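Counting from 1, the numbers follow the sequence of the chain as shown. Here the structure is a predicted model, which is why all the values come from computation and not from measurement.
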Amino acid sequence: MKKQLVTALAALVVAPAMSATSVDLGYKAHTSDTKSDNGGAYDQPFLKLTHFNKADWGTLLAYVKLENPGEVKEAQHGKDGKLTVKSLLIVDKQIGDTSYNLWGQNFLVSNRTVMEDNLYLGVTTNRKYGDLFINAGVGLNYSAAHFDPTGASFDGISGYAAVINARYLFSALGLKHSLSVNYEGQIDRDEDHMSTLGYDNYGHQIITTLKTSMTDSFYTKLHMTHFDSWGAAPNDGFEYGVAVGFTF
């Protein structure tokens with residue numbers, strides 16, 4: 001069902017009015033408490049490919065992120081190195097001439113130890129206040145998860161999802177900047193979903209990113225993330241990182 005939905009949503013991209021593709025090369029790290037509380041929280045490099053499309057019908061954002069490409073052993077406390085793949089697809093289909101959208105979002109995180117896939121279906125709204133843009137929405141959450149060490153699995157509806165995405169554009173020191181804050185939360189999760197991954201009833205992540213455009217195509221990024229019962233990590237923690245990127 002999910003594969004058919006994603007295929008249908010992607011087929012909406014027929015006549016883009018604006019399109020951009022970018023590549024980020026970066027490094028992510030965690031606080032010492034975060035690594036103590038979450039066994040899979042490793043300091044490691046990442047490679048991320050992102051595509052954004054805006055058209056008359058709405059918008060599409062998609063990325064694929066490889067964490068620890070090359071499976072470097074030293075990046076994971078001397079254990080066998082493993083690659084984690086994360087992918088995201090967000091489609092906002094505008095409803096008529098309104099500021100509301102039909103919303104579909106799929107996020108997958110997978111490696112040799114754990115897999116989780118979350119599909120959201122709901123409604124979002126877009127608001128603009130000068131240089132501040134806000135997108136917010138609510139919907140149902142359909143999740144699939146598997147944890148290899150215990151053999152536990154889950155597949156079914158698991159509560160609700162809420163998102164708030166804010167972006168503010170500004171100039172400073174002769175450069176253009178974009179400050180974004182992205183909140184994503186899951187509420188009233190299914191008991192089996194929680195037991196499979198050690199989650200609580202509620203979980204969230206909040207990502208704050210500062211992007212600085214050095215040229216029209218080259219940029220830098222700084223990010224700070226707070227997560228709680230999220231991304232196959234059962235406990236809360238902080239992630240921070242830096243990246244350089246190129247848009248083409």
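In this structure, NE2 in His226 is found 8.0 Å from OG1 in Thr34, a value given to the nearest 0.5 Å.
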Let me check something: any side-chain donor-acceptor pairs from residues 157-170 under 3.5 Å, sequence neighbours excluded? List them with distances.
unit_1: Ser158; atom_1: OG; unit_2: Asp190; atom_2: N; d: 2.9
unit_1: Ser158; atom_1: OG; unit_2: His193; atom_2: ND1; d: 2.8
unit_1: Asn165; atom_1: OD1; unit_2: Asn182; atom_2: ND2; d: 3.0
unit_1: Asn165; atom_1: ND2; unit_2: Asn135; atom_2: OD1; d: 3.2

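Listed here is the closest heavy atom pair of Trp57 and Asp92: CZ3-O, 3.8 Å. Of all non-hydrogen atoms in Ser213 and Leu175, the two that sit nearest each other are O-CD2, 3.7 Å. The minimum heavy-atom distance linking Val138 with Trp103 is given by the pair C-CZ3, 3.6 Å. Listed here is the closest heavy atom pair of Leu197 and Ala145: CD1-CB, 3.9 Å. The minimum heavy-atom distance between Thr196 and Phe147, with the atom names listed, is O-CB, 3.6 Å. The two atoms that bring Thr247 and Ala20 nearest to each other are CG2-CB, 4.2 Å, heavy atoms only.
Summarising the local packing, CG of Asp216 is surrounded by 12 or fewer heavy atoms from other residues, nucleotides or ligands at distances under 6.0 Å. Summarising the local packing, NZ of Lys128 is surrounded by more than 12 heavy atoms from other residues, nucleotides or ligands at distances under 6.0 Å.
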Assess whether side-chain contact (heavy atoms from CB on, under 4.5 Å) is satisfied between His51 and Ser19, documenting all intermediate values.
-> CA-CA 8 Å; His51 181 72; Ser19 174; 3.0 Å; yes
Passes side-chain contact (heavy atoms from CB on, under 4.5 Å), Val23 versus Leu47? Steps please.
-> CA-CA 7 Å; Val23 176; Leu47 179 67; 3.9 Å; yes
Stepwise side-chain contact (heavy atoms from CB on, under 4.5 Å) check, Val109 with Thr84 | CA-CA 7 Å; Val109 54; Thr84 296; 3.8 Å; yes
Using the side-chain contact (heavy atoms from CB on, under 4.5 Å) rule, take Leu210 and His177 through it: C-alpha gap first, then chi angles, then the decisive distance, then the call.
-> CA-CA 7 Å; Leu210 176 64; His177 307 272; 4.2 Å; yes
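You'll find the side chain of Lys35 reaches within 4.5 Å of the side chain of Asp43, heavy atoms only. Contact check for Asn38 versus Pro234: side-chain heavy atoms found under the 4.5 Å cut-off. Contact check for Leu179 versus Thr208: side-chain heavy atoms found under the 4.5 Å cut-off. Between Met194 and Phe154 the shortest side-chain heavy-atom distance does not fall below 4.5 Å. Between Leu61 and Thr50 there is a side-chain heavy-atom pair separated by less than 4.5 Å. Residues Thr59 and Gln94 are not in side-chain contact: their nearest non-hydrogen atoms beyond the backbone lie 4.5 Å or more apart.
Judged by distance alone, with hydrogens and angles left aside, the side-chain atoms of Thr125 form a donor-acceptor pair with the main-chain N or O of Ser99 at under 3.5 Å. Panel note: side chain His146, backbone Glu116; no donor-acceptor pair is recorded below 3.5 Å.
In this structure, Phe246 and Phe248 have parallel ring planes: the angle between them is below the 30° cut-off, well short of the 60° mark.
Tyr120 and Glu184 share a donor-acceptor pair across their side chains, judged by distance under 3.5 Å alone. Looking at Asn141 and Ser143, their side chains do bring a donor and an acceptor atom within 3.5 Å of each other. For Thr113 and Asp148, the side-chain atoms include no donor-acceptor pair closer than 3.5 Å. For the residue pair Tyr142 / Asp155, a side-chain donor-acceptor distance below 3.5 Å is found, with atom types taken as modelled. Judged by distance alone, the side chains of Tyr219 and Asp24 do bring a donor and an acceptor atom under 3.5 Å apart.
Within the structure, every pair that satisfies the side chain to side chain donor-acceptor pair (under 3.5 Å) test and touches residues 229-240, not counting sequence neighbours, is listed here: Lys28-Glu239, Arg189-Ser229, Gln205-Trp230, His223-Glu239.
Remark: Arg127 qualifies as a cation-pi partner of Tyr100 under the 6.0 Å distance and 45° angle criteria applied to the six-membered ring.
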